[in-house]
Amino acid sequence: MYQIYALKYGERETTACNFFYRETSHAPLTLDFFVWLILGGPQPVLVDTGCCAEDAAQRGLRNFVSPAAMVERLGVKAAEVPIALVSHLHWDHWAGHTLFPAAEFWIQASEVAFWTGPVARYEAYKALANAPALGSLVTLNYANRIRLVDGECEIFPGLRVHWVGGHTAGLQIVSVETARGRVVLTSDASHFYRNVERYQPTQIITSLPQMLAGFDTIHALAGDPARIVAGHDPEVAARFKPLETGIIQIA
Ligand SMILES: [Zn+2]
């Protein structure tokens with residue numbers, strides 16, 4: 001049985017029209033930024049890497065705390081994190097990879113192909129990337145630190161990644177067996193609970209059909225909506241158990 005912690009490393013104001021498909025409201029909305037730590041298995045497993053201070057400053061994050069510092073508050077040395085499952089390669093999930101210098105990064109092959117392929121250069125996608133962080137995929141691969149995954153894959157018994165796509169070409173979500181049942185970390189397959197609960201996609205997509213099918217996958221894996229952990233929703237702190245500032249115990 002695993003324990004899961006959501007670790008908040010920053011926040012930013014946005015508006016509803018940015019995150020809900022065809023939404024016209026400019027109502028204010030707060031985005032929380034997380035990485036997730038899974039303990040209780042053979043090795044600690046990090047989900048996503050967050051970003052570094054430079055990205056946080058450039059992108060206007062408030063109350064930034066290094067994801068490495070958040071991980072260490074749970075007693076795991078950032079320099080010794082052995083495995084990081086990378087949901088996708090947007091700046092707020094991948095640009096922090098340098099904070100975890102021993103990690104092997106598990107990424108969908110289709111995600112790497114997208115960001116190194118012909119479409120990524122268009123502004124609509126490029127704006128979501130940290131180009132040097134994407135460039136390091138090559139050197140990390142040559143250092144045997146990239147594990148390319150194709151579809152569904154078991155990391156340890158009861159801990160799996162599942163390709164869903166939609167928001168990005170190779171977006172993967174994570175399912176984890178815990179004392180409260182199988183928890184699903186959606187990352188950006190559902191930024192907010194409103195996405196997955198009302199089947200309202202985000203505006204940032206590579207495939208709308210994949211995003212909608214991804215909601216089905218999330219519900220099917222979780223079984224119970226109470227075991228879904230949305231990727232950027234401040235509501236996570238209300239639905240699960242805050243332990244101290246920035247640390248929420250999921251299970
Ligand atoms: Zn994100």
Side-chain angles (χ1 to χ4, degrees), residues 5-21 23 29-37 46-67 70-71 84-97 99-100 105-108 110-112 114-115 120 124-131 133-134 161-174 184-196 200-207 210-211 214-215 218 228-237 246 248 250:
Y5 300 89
L7 306 176
K8 181 177 160 182
Y9 69 86
E11 58 193 19
R12 186 169 81 180
E13 294 314 308
T14 183
T15 53
C17 56
N18 277 311
F19 281 90
F20 302 114
Y21 194 71
E23 170 65 64
L29 201 60
T30 302
L31 270 177
D32 279 359
F33 290 77
F34 296 103
V35 297
W36 300 267
L37 189 64
L46 183 67
V47 178
D48 287 339
T49 67
C51 72
C52 296
E54 303 78 60
D55 296 278
Q58 275 171 21
R59 308 266 185 171
L61 257 59
R62 258 196 336 244
N63 300 326
F64 174 76
V65 180
S66 168
M70 293 305 299
V71 164
L85 311 176
V86 178
S87 67
H88 64 302
L89 292 170
H90 282 166
W91 67 273
D92 54 322
H93 301 261
W94 174 242
H97 71 82
L99 302 170
F100 305 100
F105 301 106
W106 295 47
I107 313 172
Q108 291 283 327
S110 52
E111 183 72 1
V112 173
F114 179 90
W115 291 104
Y125 291 117
K126 193 165 64 176
L128 300 161
N130 173 319
L134 293 172
V161 294
H162 312 259
W163 171 86
V164 292
H167 173 63
T168 65
L171 181 73
Q172 60 183 354
I173 61 176
V174 180
V184 177
L185 303 175
T186 72
S187 186
D188 291 4
S190 186
H191 293 72
F192 293 91
Y193 281 102
R194 177 172 158 185
N195 299 119
V196 68
Q200 191 171 13
T202 179
Q203 296 277 19
I204 305 163
I205 49 174
T206 54
S207 165
Q210 285 173 6
M211 181 131 221
F215 295 149
I218 292 166
I228 296 173
V229 182
H232 283 275
D233 199 335
E235 171 79 8
V236 170
I248 303 163
I250 304 296

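Both ligands and their constituent atoms are indexed starting at 1 by order of listing. The model shown is predicted, which means the values in this text are computed figures rather than measured ones.
Of the possible donor and acceptor atoms, none in the side chain of S87 sits under 3.5 Å from a partner among the backbone N and O of Q172. Looking at E111, its side chain does come within 3.5 Å of a backbone N or O of L89 through a donor-acceptor pair.
Around the Zn ion (ligand 1), the protein N, O or S atoms found under 2.8 Å comprise D92 OD2, H93 NE2, D188 OD2, H232 NE2.
For the side chain to side chain donor-acceptor pair (under 3.5 Å) criterion with H232, the lone passing option out of D32, N195, D92 is D92. Considering T186, D233, I218, V184 as possible partners of V196, the one that fulfils the side-chain contact (heavy atoms from CB on, under 4.5 Å) test is I218.
Two rings, from F105 and F100, have their centers 6.0 Å or more apart.
When only modelled atom types and interatomic distance are considered, H90 and D188 share no side-chain donor-acceptor pair under 3.5 Å.
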